[in-house]
Number of protein chains: 2
Amino acid sequence: MKSILFSIHSQIASFSKSEQKVAQFILDHPQKVIGMNADALANKVGVSAATVVRLAKILSSDGFPGVKIQLSAETKVDDSLYTEVDPKDPLDVVKQKMEFRIGHTIEQTNLALSDKSVQSAAQLIAKADDVYAYGLGASSIVAADFQQKFIRVGKPVIQTMDTHLIATGIVKPETVLMLVSNTGETVESQKLAEVAKEHHVPVITITHSKKSSLAKKSDIILLHDDSEENEKLRTAATTSLMAQLYVVDLLYYSYLTLNFDSNATILKESRNVIQKHFK
Amino acid sequence: MKSILFSIHSQIASFSKSEQKVAQFILDHPQKVIGMNADALANKVGVSAATVVRLAKILSSDGFPGVKIQLSAETKVDDSLYTEVDPKDPLDVVKQKMEFRIGHTIEQTNLALSDKSVQSAAQLIAKADDVYAYGLGASSIVAADFQQKFIRVGKPVIQTMDTHLIATGIVKPETVLMLVSNTGETVESQKLAEVAKEHHVPVITITHSKKSSLAKKSDIILLHDDSEENEKLRTAATTSLMAQLYVVDLLYYSYLTLNFDSNATILKESRNVIQKHFK
DNA sequence: TTTATTTATGAAATTTAATTTCTTAATAGT
DNA sequence: ACTATTAAGAAATTAAATTTCATAAATAAA
């Protein structure tokens, strides 16, 4: 289905003068139009209802009500939901707010994250002999997810919180270091990045801040959204966690497609193993 | 603006018999309803148009057309996006598809998950002396997140993959066992549930299947969506993982609000510790 | 169990909104 | 300047939504 706003935009030159007035109003105030009837819109822009309806027929086979329905599908919901969760909120309100926030976070991450970085990161991992992953706190969960996903497609990842162990591992250049740090300021991660640099080991970092100290020490930055700037109580920041996991998932996907057939085979085999021996 | 589907879901019990027929049809086929008029919908479910309109008035101040408009806003139109990610898709298409899928998953989880269960689970945890958490594979990540969140608010959670250790821990009735299992068929989890039952330890389970063996052995079931039925390649099932993490987050929220002031104080203090000693 | 009262429901009437038709005005082409 | 074509509004029509009202079903009271 095509975007109706886009369709208006690209067709507007071909409309008649009165129709253009209507079309322009729809482009400027789609949200308002949703709440109007054809008559009201006609009055608002100073044309007749017939003109409004005629235009509507061009835009949608379902006439004016159809236009409103399509506008509603495209015009993003109002932002009243995009508020901080409050400790006084009942659970069903929290659910609504969270649903909205998570959607927003993923959307923002899609914008922030560069496809090229993901693909380069996937290639680095594919070429590497060993991959080390490190994250502290909530980021350790992301590092663990990274490990699980890649082991399943035959790419062993060492994930540990023992920084000394990682430091001793990343002395060969055939290695890759994956760091996960929301703020990009975790001291331990920075130290590991320095060690990696010394030994010409590429560093991939998942973070929300491209200006952070860690970002500056990284070869590839996988940027995710951080909508938690004004977090208060909702510390453990599930939306940030989800954004990071989402980045890992895209990276995993990108890796899979690099050599799809062979990776899919390994994946299938690793599933069979579980199925056969543990179920 | 509240979600109309959510609103129907939570109010449906209070509707009359005929209204319920209409409401259920809307829940099952929102997309179809958008293309119908009140009469057609009435005929489809075998009630009168008056009933349809009456229900519509309850759901939206703008009556039946208003309901259609709201459905359109929520029912993410583009079906082509709601498809399995394909290995041939370029990354930007994958991003779009994933954004949609994740949104859908959270939405479905909001519908599946009962507020009452979350609140009861939070209360059980609050009353317990010790909490044990167990999950295997991707579910271990969820269990780890659960542990992290609750430790930060002063409720120690023991999370380990050593089932024997957990089994020896859950012999006192002041204990709670949290199990995470997507399918609800993991053998180890079932064994732990049996041990718990023997010692009158309540079992809380996060799963997508309420009919699973594990669900039957649980005292509280926290149900999440699983849109991965027809997964092919996208095994590591990030959307399921996110749904589970989301459930944990709601549980955490619910726990926090039980005794908000004291929990917020502990949380603040635990943050200060990190800030002061590790940054 | 019977009776009263409330609630639920559909048929028909009404209202409102959308759409079409028809006429006139504006514009462009000869 | 005259004719053909297109544009646009007023009024008429049609379709949809909504309300009213009578009746049936369910529930409570006697």
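Just so it is clear, the structure is predicted and the values come from calculations on it, not from any experiment. Quick note on labels: first sequence line is chain A, next is B, and so on, each numbered from 1.
Remark: the A/T238 side chain and the B/K149 side chain contain an N/O donor-acceptor pair separated by less than 3.5 Å. A/Y253 and B/D89 form no side-chain donor-acceptor contact under 3.5 Å, judged by distance and modelled atom types alone.
Pairs passing the salt bridge (Lys or Arg N to Asp or Glu O under 4.0 Å) check and including a residue from residues 194-220 of chain B, sequence neighbours excluded, read B/E194-B/K217. Sorted by first then second residue, the side-chain hydrogen bond (donor to acceptor under 3.5 Å, both in side chains) pairs that include residues 113-123 of chain B, not counting sequence neighbours, are A/K95-B/D115, B/S114-B/S117.
The footprint of chain B on DNA chain C, defined by a heavy-atom cutoff below 4.0 Å, extends from C/dA8 to C/dA11.
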Show the atom names and distances, to 0.1 Å, of all donor-acceptor pairs under 3.5 Å that link a side chain in residues 57-66 of chain A to residues at least two apart or in another chain.
from  : atom 1 : to    : atom 2 : distance (Å)
A/S60 : OG     : A/D62 : N      : 3.0

Contacts table for residues 124-135 of chain B: side-chain donor-acceptor under 3.5 angstrom, sequence neighbours left out:
from   : atom 1 : to     : atom 2 : distance (Å)
B/D130 : OD2    : B/K172 : NZ     : 2.7

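In this structure, A/T51 reaches the D/dG9 phosphate: one of its side-chain N or O atoms is under 4.0 Å from OP1 or OP2. Regarding contacts with the backbone of D/dA26, a side-chain N or O of B/K17 is found under 4.0 angstrom from either OP1 or OP2.
Between the side chain of B/T109 and the backbone N or O of B/H224, no donor-acceptor pair lies under 3.5 Å.
Computed from coordinates, the A/E19 CD to D/dA7 P distance equals 7 Å when rounded to whole Å. Between the P atom of D/dT6 and the CZ atom of A/R54 lies a distance of 14 Å, rounded to the nearest Å. Atom CG of A/L55 is separated from atom C1' of D/dA8 by 13 Å (rounded to the nearest Å).
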- Decide yes or no on side-chain hydrogen bond (donor to acceptor under 3.5 Å, both in side chains) for B/D92 and B/Q96, but give the supporting numbers first. CA-CA 6 Å; B/D92 58 338; B/Q96 292 305 307; over 6 Å; no

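Residue contacts for A/V47: at a heavy-atom cut-off of 4.0 Å it reaches the sugar-phosphate backbone alone, with no base atom in range.
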Report, one pair per line, the protein and nucleotides 13-18 of chain D atoms (nitrogen or oxygen only) whose separation is under 3.5 Å.
from   : atom 1 : to    : atom 2 : distance (Å)
D/dA17 : OP2    : B/A38 : N      : 2.7
D/dT18 : OP2    : B/F64 : N      : 2.9

